[in-house]
Novice: 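Have a look at this one before I ask anything.
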Amino acid sequence: MLQRPLGFASDAFLASDLHQEISKLGEEKAVRRFHRDGAAFSNSNLEERALRVDGLEERLVNAVASESWDKVCSLIREAAAALAAPRQKAALNEAAAPMPEDAQERLRANLQGRLRKLIFQGLGYLDLSDVGTASQLEPALSVMKLLIERFKVRGQLEEARAAKQWLRLHGLLTADAATQAEANVESCRSEGNNYVTGADRGSSNSGVYSPNVKLKSNPLVRNTEQHVILKCNKCGLELRSSWVFEHRGKVGTLVPANGHRACGGKYVHIDSKIQVTLDIGSNLDICPHGRQTKMCAKCGGRGTCAHMKQIHTCPPCLAERRKARSDANRERRRKDLRYARRCAKLR
Ligand SMILES: [Zn+2]
Ligand SMILES: [Zn+2]
Ligand SMILES: [Zn+2]
């Protein structure tokens, strides 16, 4: 049996009660697989773990290059299963405690950092406001939220080790914050310092939806005065929306992208013929060329590159990213091997 330093105690990251909570989430098969991946990772030694993370990184690069978004989802699930809970930064006066700063501990922390990075890189390619995508990422999304929430019970996320990464992950996971931040940035850009606040914000008061002022002024958004009744897919709460977004002959009933905040469900319509459109400002911002402004190269959208293409479909840009990543991977692998060899000597 290996002598494990203190740091490893927290690697039993999924306590049994957390297991139970996960079991309630999402599809049974996906949950079982998630457990299996998590167990496989925590039962392997550091060298094996390093190899696994290498593999995940390589597969992510390939999945993105071939635009296999399903694969990106499954890689994020696999990485999240191996993720350890955030840990408190060591306090300065803890010098008396045994220092975990040995080679093994550094390697362990380094692998966790790479897993977190891989997860938010992957998430960056996906649209989490899309219900289908979000459900494909379960139970990973819920588990990561849970890990963060649990840490926040005890303290600020800013006080966690690798706080920047955790904060970034937290930002991506809480669409709420992300969407609002995006809306704020956009309204800043277009109208000076005009934040969408107070009565100007969208609302779902007394069961009736109303978009924010910015959306109301979108020429493709209008009030039909005819209410469509939507239901929360978790608790069944009703929401009426008479607002639609119409583009290229398609009409979608507008619903809040945040869904039903109280229970975390999404608003859906029972009749699949009625299309539901999430009220994400940047998605509904259509430029004179008939595209989403953010994806229009002629308009210099932020999803486009100097080659006048969308970055995720631009071969030179993808090749450049791939090269940068494989160089970094090679360097990391070299470092990890050095650490692993030193660990082997320490045993
Ligand atoms: Zn609900
Ligand atoms: Zn354009
Ligand atoms: Zn390009």
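Ligands are counted one by one from 1 in listed order, and the atoms in each one are counted from 1 as well.
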Novice: What distance do Leu172 atom CG and Leu141 atom CG have between them, rounded to the nearest 0.5 Å?
Specialist: 10.0 Å

Novice: Would you tell me whether Thr304 and Lys298 have side-chain atoms, one donor and one acceptor, within less than 3.5 Å of each other?
Specialist: no

Novice: Check all N, O or S atoms of His260 and name the one closest to the Zn ion (ligand 1).
Specialist: ND1

Novice: Angle at the Zn ion (ligand 3), SG of Cys314 to SG of Cys305, rounded to 10 degrees, please.
Specialist: 110°

Novice: Could you check whether Glu331 pairs with Arg334 (Lys NZ or Arg NE/NH1/NH2 to Asp/Glu carboxylate O, under 4.0 Å)?
Specialist: yes

Novice: Which word best sums up how the rings of Trp69 and Tyr125 line up, parallel for under 30°, tilted for 30 to 60°, or perpendicular for over 60°?
Specialist: parallel

Novice: Taking the Zn ion (ligand 1) as the vertex, measure the angle between atom SG in Cys263 and atom SG in Cys232; round to 10°.
Specialist: 100°

Novice: Hey, what's the angle at the Zn ion (ligand 2) spanning ND1 (His289) and SG (Cys287), nearest 10 degrees?
Specialist: 110°

Novice: Strictly distance-based, threshold 3.5 Å: is any side-chain N or O of Ser241 a donor or acceptor partner for the main-chain N or O of Thr253?
Specialist: no

Novice: Of all N, O or S atoms in His307, which has the smallest distance to the Zn ion (ligand 3)?
Specialist: ND1

